[in-house]
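Accompanying notes for the structure given below.
As the structure is a prediction and not an experimental result, all values here were calculated from the model.
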Amino acid sequence: QVQLVESGGGLVQAGGSLRLSCAASGRAFNSYTMAWFRQAPGKEREFVSVISWSAMSGSRTDYADSVKGRFTISRDNGKNTVSLQMNSLQPEDTAVYYCAARRSWTTGRGINEYDYWGQGAQVTVSS
């Protein structure tokens, strides 16, 4: 069982930056693929970014086209945390951001692939 707690959301002006963090409880954090999804008002939850880890390959990452080059995902296996650095934020990035986890060594974009979810963190970008 894994529990996920997000932090770091808030209000920022367009062009600004925020950093989201997700702390995971439980053992063997390095055997979990960690992802970020977001859900804007009236829209479906969508994939943002994912990071996997294996002893053979190290970290692998993937990003949605809409955030590529602006967002950076990272993980600290020693601290059981995953972070999402968000730069050049735009009003269309406004959403509740969710941390998600699944026991895997590969990346994945599908919502249904993830077994554990955090409670969400609000990110609001004003124009």
Side-chain angles (χ1 to χ4, degrees):
Q1 190 76 7
V2 175
Q3 291 186 329
L4 306 173
V5 179
E6 299 99 335
S7 61
L11 173 65
V12 66
Q13 288 188 331
S17 299
L18 281 174
R19 186 178 181 88
L20 296 177
S21 294
C22 174
S25 65
R27 298 182 176 181
F29 176 76
N30 59 4
S31 66
Y32 285 83
T33 288
M34 304 298 297
W36 289 96
F37 291 81
R38 67 186 182 186
Q39 188 166 17
K43 294 188 176 182
E44 294 186 349
R45 194 170 297 189
E46 64 176 7
F47 167 77
V48 175
S49 183
V50 60
I51 185 166
S52 63
W53 189 88
S54 72
M56 184 172 296
S57 306
S59 293
R60 292 182 183 267
T61 60
D62 187 21
Y63 297 91
D65 287 345
S66 59
V67 307
K68 198 171 293 184
R70 300 188 298 124
F71 291 11
T72 303
I73 192 170
S74 60
R75 64 189 295 158
D76 186 332
N77 289 338
K79 295 182 178 179
N80 285 16
T81 59
V82 61
S83 298
L84 186 68
Q85 177 66 42
M86 304 183 293
N87 298 329
S88 302
L89 283 162
Q90 300 301 316
E92 51 267 34
D93 295 316
T94 295
V96 177
Y97 283 70
Y98 295 91
C99 177
R102 68 172 191 170
R103 190 125 190 186
S104 172
W105 292 315
T106 61
T107 59
R109 294 186 170 203
I111 291 173
N112 293 333
E113 298 177 50
Y114 292 85
D115 302 307
Y116 306 100
W117 293 84
Q119 82 287 354
Q122 178 69 47
V123 170
T124 303
V125 185
S126 63
S127 58

- Give me the one residue out of Ser21, Ser49, Cys22 that meets side chain to side chain contact (heavy atoms under 4.5 Å, CB included) with Leu84. Ser49
- For Val2 and Ser25, which heavy atoms make the closest approach, and how far apart are they? CG1-O, 3.7 Å
- Is there side-chain contact between Met34 and Leu4, with at least one heavy-atom pair below 4.5 Å? yes
- Message: Is there a continuous path of hydrophobic side-chain contacts, each under 4.5 Å between heavy atoms, that joins Val96 to Val50?
- Response: yes
- Query: When rounded to the nearest 0.5 angstrom, what is the spacing between OG in Ser66 and CZ in Phe71?
  - Reply: 7.5 Å
- Message: Over 60° means perpendicular and under 30° means parallel, so tell me whether Tyr116 and Tyr32 are parallel, tilted or perpendicular.
- Response: perpendicular
- Query: From Asn80 CG over to Asn30 CG, what is the distance, rounded to the nearest 0.5 angstrom?
  - Reply: 8.5 Å
- Rounded to the nearest 0.5 Å, how far apart are CZ of Arg102 and OG1 of Thr33? 5.0 Å
- What residues form a side chain to side chain donor-acceptor pair (under 3.5 Å) with Ser74, not counting sequence neighbours? none
- Query: Shortest non-hydrogen contact from Phe47 to Gly108?
  - Reply: CE1-O, 4.0 Å
- What heavy-atom pair brings Glu6 and Tyr98 nearest, and what distance separates the two atoms? OE2-CA, 3.4 Å
- Task: Identify the two heavy atoms, one from Gly15 and one from Gln90, that lie closest to each other, and give their separation to 0.1 Å.
- Result: N-NE2, 4.1 Å
- Task: Could you tell me the separation between the CG atom of Asp62 and the NZ atom of Lys68, rounded to the nearest 0.5 Å?
- Result: 6.5 Å
- With side chains defined as the heavy atoms from C-beta onward, is the minimum distance between Leu89 and Gln13 less than 4.5 Å? no
- Task: Say whether, by atom type as modelled, one donor and one acceptor occur between the side chain of Thr94 and the main chain of Val125 under 3.5 angstrom.
- Result: yes
- Task: Any chance you could lay out the salt bridge (charged side-chain N to carboxylate O under 4.0 Å, His left out) test for Asp115 and Arg103, step after step, and finish with the verdict?
- Result: CA-CA 8 Å; Asp115 302 307; Arg103 190 125 190 186; over 6 Å; no
- Is it the case that one hydrophobic cluster holds both Leu20 and Val48, taking links as side-chain heavy atoms less than 4.5 Å apart, direct or via other members? yes
- What closest approach, in Å, do Ala95 and Ala40 show between heavy atoms, and which atom pair accounts for it? CB-N, 3.8 Å
- Item | N/O donor-acceptor pair under 3.5 Å between Tyr63 side chain and Arg70 backbone | no
- Query: So, do Trp53 and Phe29 have ring centers that fall under 6.0 Å from each other?
  - Reply: no
- Message: When you compare the side chain of Thr106 with that of Ser52, does any pair of heavy atoms fall below 4.5 Å?
- Response: no
- Item | Ser83-Gln85 side chain donor-acceptor pair, cut-off 3.5 Å | no
- What heavy-atom pair brings Trp105 and Ser31 nearest, and what distance separates the two atoms? NE1-CA, 4.0 Å
- Message: Tell me if a side-chain donor or acceptor on Gln3 pairs with a main-chain N or O of Gly26 at a distance below 3.5 Å.
- Response: no
- side chain to side chain donor-acceptor pair (under 3.5 Å) partners for Tyr97, two or more places apart: Arg38
- Does Ile111 offer a backbone N or O that forms a donor-acceptor pair with the side chain of Arg45 under 3.5 Å? no
- Query: Rounded to the nearest 0.5 Å, how far does SG of Cys99 lie from CH2 of Trp117?
  - Reply: 9.0 Å
- To the nearest 0.5 Å, atom OG1 of Thr72 lies from atom CE of Met86 at 11.0 Å
- Query: Are Leu18 and Val67 connected in the hydrophobic side-chain network, where two residues link if heavy atoms are under 4.5 Å apart?
  - Reply: yes
